[in-house]
Amino acid sequence: MIAPDLAAAQGRHLDALARAYADILGTEGYDGVLLYSGHAHRHFADDQTASFAAYGHFLHWVPMAGLAHSWLLVRPDHRPTLYFHAPEDFWHLMPRLPEEAWVEAFEVELRAETPPPSLPAGRFAVLGEVSAALASALGAEANPEALTARLDELRVRKNDYEVACLREANRRALAGHRAAREAFLAGGAELDCQLAYLGATRSRESDLPYQNIVGINAHGGVLHYQHYDIDTPARRNGLLLDGGHRYRGYCADITRTWPGPDADPIFAPLVEGVTALQRRLVTALRPGLSYVALHEQMHAGLGTLLVEHGLVRCSADAAVATGITRAFCPHGLGHLLGLQVHDPGGRVAADGTPLSPPACHPALRLTRELEAGMVVTMEPGLYIIPMLLERFRDSRDIDWQRVERLADHGGVRIEDNVLVTAQGPDNLTLHDAE
Ligand code: GLY
Ligand code: MN
Ligand code: MN
């Protein structure tokens, strides 16, 4: 049951969306757009499918991330028509619309078939996972770039409904983090931590916005570590958990690092150092600030941290200039967050100008100026990645003995989800609940 104030906020969200779509369609010269939710893909020569999440622009209207084979026709001055795929099928449970107020905003047509509905006369675009041939058979254009970019831009600033969903996704994800931490400290293996997370968030894995990263010891230093060990290692130095949650389509993306009972004494202070750096960077968030500048501020902070913790012997500035901080932190400070964990629009200015990341920071996904209403992740990290440190092997700027002491701890990352407002940052990850 959705709370009445959230239902009311969703109603305003849909009204605003209808107005914005009418404006954009008018400017781009379309009579309407057909959004496809998408469908799960089969493994080759098999009848089993991979997990599925609906297309972001479809989800912007319809808060059902698992709804496949459905279409939404949006036209100015018409109620949007939702072609809701609900085949009668005794193998599966028929999809059902929830008893929620948002459904009233749509003309709903239940259908058994999967091909798109036919379109009225006029100029239409079809957006989503569709071929040019399918669009052409409908007399429409498939995924025109200019229109897609305008709709991406519409998702960059979040309204009160979207922020409420992101806050709730965060609240639920944090419950998972707490349960996983307890499982780790009680001696659990990576899989036990993941199962504790899923249990506490009442989620199945395919509902997660991305596959949780649950790395004990050196696995925590593999940026997108993809396994869940079933055995607990003899020494438990640390757990790095990057875990999310989806609420009404909107994603949480939170990372925590916890020292284990066998951690080297230099590890916990490093975790505290990265946490303090992360809090300082969050405090700096405000409209008008360049996120690239903030990312560079992170590297300056990491340089200082590496010096303070005795991992490098040169100055903090030299650690940044020589690329040492990038070897310890090869990823970006963060990204836009919303209906996708890496929401679109992060590398293009509001007027459509592409904003490539600086050559030395190719992984940075957010290169634009911050604006009120953006929700961004803030996720500085400091990892021991032998492959990246190797090029400094002959350098006396690095204290290799200390680095070696940390090697079986993997790394540290602290990631929160923060709303940018004119009054200052609003951290949706709720530190006081940790
Ligand atoms: N969990 C993916 C990311 O942090 O970007
Ligand atoms: Mn993450
Ligand atoms: Mn992230």
Side-chain angles (χ1 to χ4, degrees), residues 51 53 56 65 155-156 158 166-167 169-177 180-181 190 193-194 197-198 201 203 205-215 219-228 238-247 249-258 271 274-275 277-279 281-282 285 291-292 294-295 298 329-347 357 361-368 370 374-383 385 410-420 425 427-431 434:
S51 60
R155 283 171 43 193
V156 166
K158 273 66 183 179
L166 288 161
R167 205 184 292 280
N170 265 262
R171 192 184 70 76
R172 295 180 184 208
L174 264 191
H177 278 270
R181 174 176 178 267
E190 290 166 356
C193 299
Q194 169 74 342
Y197 186 101
L198 295 173
T201 55
S203 306
E205 277 191 349
S206 55
D207 290 337
L208 300 178
Y210 57 92
Q211 181 175 294
N212 284 354
I213 298 162
V214 184
H219 291 161
V222 180
L223 291 179
H224 286 169
Y225 173 64
Q226 70 276 42
H227 303 294
Y228 303 114
L239 168 67
L240 187 153
L241 198 158
D242 184 345
H245 190 78
R246 223 186 241 286
Y247 180 70
Y250 289 87
C251 306
D253 177 13
I254 301 174
T255 307
R256 291 291 179 266
T257 308
W258 297 289
V271 175
V274 175
T275 305
L277 171 62
Q278 195 261 8
R279 301 276 154 95
L281 293 167
V282 167
L285 281 175
Y291 199 82
V292 176
L294 207 56
H295 174 85
M298 169 185 78
C329 177
H331 58 79
L333 172 60
H335 48 87
L336 293 173
L337 181 73
L339 291 162
Q340 290 162 232
V341 68
H342 299 144
D343 232 20
R347 284 181 173 178
H361 302 297
L364 187 58
R365 294 174 190 273
L366 179 51
T367 51
R368 59 192 280 176
L370 294 174
M374 286 181 174
V375 173
V376 300
T377 67
M378 294 294 281
E379 45 182 310
L382 201 158
Y383 292 86
I385 305 174
V412 183
R413 180 149 17 176
I414 305 294
E415 176 177 22
D416 286 348
N417 306 161
V418 188
L419 169 69
V420 179
N427 192 332
L428 307 180
T429 311
L430 297 172
H431 289 300
E434 286 178 83

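In listed order, ligands and their atoms are each counted from 1.
Partner of Leu428 under the side-chain contact (heavy atoms from CB on, under 4.5 Å) criterion, chosen from Asn170, Val418, Ile254: Asn170.
For ligand 1, the atoms lying closer than 4.0 Å to a non-hydrogen atom of Asp242 are 1 (N), 2 (C), 3 (C), 4 (O).
Inclusion of His335 in the first shell of the Mn ion (ligand 3) is supported: an N, O or S atom falls under 2.8 Å.
Atom 3 (C) of ligand 1 has as its closest protein heavy atom Asp253 OD2, 3.3 Å.
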(request) Let me see the working for Leu285 and Leu294 under side-chain contact (heavy atoms from CB on, under 4.5 Å), right down to the final yes or no. (result) CA-CA 8 Å; Leu285 281 175; Leu294 207 56; 3.5 Å; yes
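A donor and an acceptor atom, one from each side chain of Tyr210 and Asp242, are located under 3.5 Å apart. If you check the side chains of Arg167 and Tyr247, you find no donor sitting under 3.5 Å from an acceptor. In this structure, a donor-acceptor pair under 3.5 Å is present between the side chains of Glu379 and His335.
Counting only protein N, O or S atoms, 4 lie closer than 2.8 Å to the Mn ion (ligand 2).
Take Arg155 and apply the side chain to side chain contact (heavy atoms under 4.5 Å, CB included) test, not counting sequence neighbours, and it matches His57, His60, Leu339, Gln340, Asp343, Pro344.
The closest donor-acceptor contact from the side chain of Thr257 to the backbone of Leu240 lies at 3.5 Å or more, if one exists at all.
Not one N or O of Arg413 is nearer than 3.5 Å to an N or O of ligand 1, by distance alone.
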